Amino acid sequence: MPIPTLKTILKHQNQCRVIGSRFKTSSVQYVASRFRDPTFEKLMDKYKNLLKVIAIQDLILANPTNNPPSVSLDFLSRLSQKLHLNRGAASFLRKYPHIFHIFYDPNKFQTFCRLTDAAMRVSRQEAEAINASLDVVVDRLVRLLSMSTTKSLPLRAVFKVWRELGLPDDFEDSIISRNSHIFKLVDAHEPNTHILMLTDEMRDKRFVACVENWRVMECCRENSAVDRTEIRFSFKHSYPPGMRLVRDFKAKVKEWQRLPYVGPYEEMGEKKRSKAGIMGLEKRAVAIVHEFLSLTVERMVEVEKISHFRKSLAIDLNIRDLFLDHPGMFYLSTKGKRHTVFLREGYERGCLIDPNPVYNARRKLLDLVVLGRHAMLINNESRSVENCQTQKPCLQDEGRDESI
């Protein structure tokens, strides 16, 4: 396939690039020249702060001995750089009074931070949603292991994406140990390293990929004019408004859609070095990462995290470039000093099309993040009016707690 030069890429930033191998440009240039999707960029503007909030929330909930669970402000301040709190912990916490409550403990002579009642409710709702969907979680984990060439994965790689897969934080006990007929842990050759494997009775289980279900639905739609032979190897593509698709690109996408490939749950077999064989390996890699994203709770994951699965899933290509090569299926964002990939077909107007209870709970926390300091002034004014009417002083929550 003809390959565009960097000059062409930069000149036609609003045009879609050609599927397949690209000209020798650096990854930084390739990322910088991609088409920006305003919807996903706005969503990531919110998510980059949500991730920081979640990191602090996890630290607070990891201290159940404190009543209520809390962490000292000094402790968070020492972690400011690691948590990417550019203006310090105290400044960041003040931005989200609907989530964090800062108070002074006279017994310990220290300032602490805890979650507000609203944030605690959201946290409990997420935990309840995860516990109610353990069967679904087990299925996700089995599917992920089934895509591996050895039906096994390093446990540390699974730890990287436990939240994305909707696993409970104690999944080693609640999922792996309690399902010994499905999973088993074995020691790896490296010290302190474990491999998560499927048991012998589960290794031969067959799965249908998410994209195959989509093809069936497309063919079975009422008044569907889809040619079954045409859609046999196809993936759903959609592009954001403003992205101009040149005729040559459309032709190459159509050619790529028809290209046969080995599915994510099928045995790959011997690698062929021919042009068709290399293209088939690329399409298989696309199928694997497509299925991987379909298994996540929010149809999104950090590229660095999914890269830990490259060897186990037999992906010989640069995963980040793979996402950029297929902008009709994936969107790569660089917000928040991290590269995050979204599965396009899973979203509409910045929201998941087919939401689940865990996602719904996480969106409530995102709503509190977006709320920021809004409504606090209104609430304070309302309380002041009420205090004047009743001629009573405004009482702080929890005695000497000082909200900062």
Side-chain angles (χ1 to χ4, degrees), residues 46-131 159-160 162-163 167-174 336-338 361-362 364-384 386-387 390 392-404:
K46 304 171 185 176
Y47 260 97
K48 67 182 182 182
N49 291 322
L50 173 65
L51 295 174
K52 297 176 185 179
V53 166
I54 290 175
I56 297 175
Q57 173 187 265
D58 289 347
L59 290 173
I60 293 173
L61 296 177
N63 286 278
T65 53
N66 293 349
N67 189 20
S70 59
V71 293
S72 70
L73 197 59
D74 289 341
F75 176 73
L76 290 177
S77 296
R78 290 195 296 270
L79 293 177
S80 290
Q81 187 173 0
K82 186 176 181 180
L83 297 174
H84 304 293
L85 308 180
N86 299 330
R87 297 185 178 181
S91 176
F92 182 82
L93 297 173
R94 290 190 192 103
K95 290 170 61 177
Y96 304 105
H98 295 281
I99 302 173
F100 302 115
H101 180 73
I102 301 176
F103 64 97
Y104 179 76
D105 188 333
N107 297 320
K108 297 181 179 180
F109 302 101
Q110 275 188 305
T111 302
F112 285 80
C113 172
R114 65 170 176 83
L115 296 178
T116 62
D117 292 341
M120 284 296 295
R121 281 195 299 272
V122 172
S123 178
R124 284 193 294 268
Q125 287 174 8
E126 181 180 348
E128 290 168 359
I130 290 174
N131 290 330
F159 267 111
K160 292 284 184 180
W162 71 273
R163 189 182 294 275
L167 294 168
D169 52 9
D170 64 340
F171 72 90
E172 279 191 89
D173 296 323
S174 58
K337 298 182 180 180
R338 55 173 55 85
R362 292 178 181 176
K364 290 180 181 179
L365 183 61
L366 179 61
D367 290 341
L368 293 179
V369 171
V370 174
L371 197 58
R373 293 187 59 86
H374 295 301
M376 295 303 290
L377 180 60
I378 296 175
N379 291 340
N380 289 338
E381 289 177 349
S382 299
R383 291 179 66 182
S384 296
E386 183 179 349
N387 291 334
T390 58
K392 291 183 179 180
C394 181
L395 300 178
Q396 292 181 335
D397 298 332
E398 298 186 20
R400 292 189 59 181
D401 287 7
E402 297 178 3
S403 181
I404 298 181

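As the structure is a prediction and not an experimental result, all values here were calculated from the model. Sequential numbering from 1 along the given sequence is applied to the chain's residues. Only this structure's heavy atoms are used, side chains among them; waters, hydrogens and symmetry mates stay out.
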*Does the H98 side chain pair with the main chain of H374, one donor and one acceptor, at a distance under 3.5 Å?*
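Yes: the side chain of H98 pairs with the backbone of H374.
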
*Would you confirm whether S80, through its side chain, and L85, through its main-chain N or O, come within 3.5 Å as a donor-acceptor pair?*
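Between the backbone of L85 and the side chain of S80 there is no qualifying donor-acceptor contact (under 3.5 Å).
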
Closest approach of [X] and [Y], non-hydrogen atoms and distance?
{"X": "L51", "Y": "R338", "value": "CD1-NH1, 3.4 Å"}
{"X": "F171", "Y": "W162", "value": "CE2-CB, 3.9 Å"}
{"X": "V369", "Y": "Y96", "value": "O-CE2, 3.3 Å"}
{"X": "G372", "Y": "P97", "value": "O-CD, 3.4 Å"}

For residues [X] and [Y], determine if any side-chain heavy atom of one lies less than 4.5 Å from a side-chain heavy atom of the other.
{"X": "Q57", "Y": "V122", "answer": "no"}
{"X": "Q110", "Y": "D105", "answer": "no"}
{"X": "R87", "Y": "R94", "answer": "no"}
{"X": "L365", "Y": "E126", "answer": "no"}
{"X": "K52", "Y": "L83", "answer": "no"}
{"X": "H84", "Y": "F92", "answer": "no"}
{"X": "L73", "Y": "L93", "answer": "yes"}

_Working for side-chain contact (heavy atoms from CB on, under 4.5 Å), residues D117 and R121_ = CA-CA 6 Å; D117 292 341; R121 281 195 299 272; 3.9 Å; yes

*asked:* One pair to check against side-chain contact (heavy atoms from CB on, under 4.5 Å): D169 and L61. What are the steps and the verdict?
replied: CA-CA 11 Å; D169 52 9; L61 296 177; over 6 Å; no

Nearest-0.5 Å distance, [atom1] of residue [X] to [atom2] of residue [Y]:
{"X": "L76", "Y": "F100", "atom1": "CG", "atom2": "CZ", "answer": "8.5 Å"}
{"X": "E172", "Y": "F159", "atom1": "CD", "atom2": "CZ", "answer": "4.0 Å"}
{"X": "M120", "Y": "I60", "atom1": "CE", "atom2": "CD1", "answer": "9.5 Å"}
{"X": "I54", "Y": "S123", "atom1": "CD1", "atom2": "OG", "answer": "10.0 Å"}

*Determine, stepwise, if the pair I56 / I99 fulfils side-chain contact (heavy atoms from CB on, under 4.5 Å).*
CA-CA 10 Å; I56 297 175; I99 302 173; over 6 Å; no

*Indicate the ring-plane relationship of F112 and F103, choosing parallel, tilted or perpendicular according to the 30° and 60° boundaries.*
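Parallel, since the angle between the ring planes stays under 30°.
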
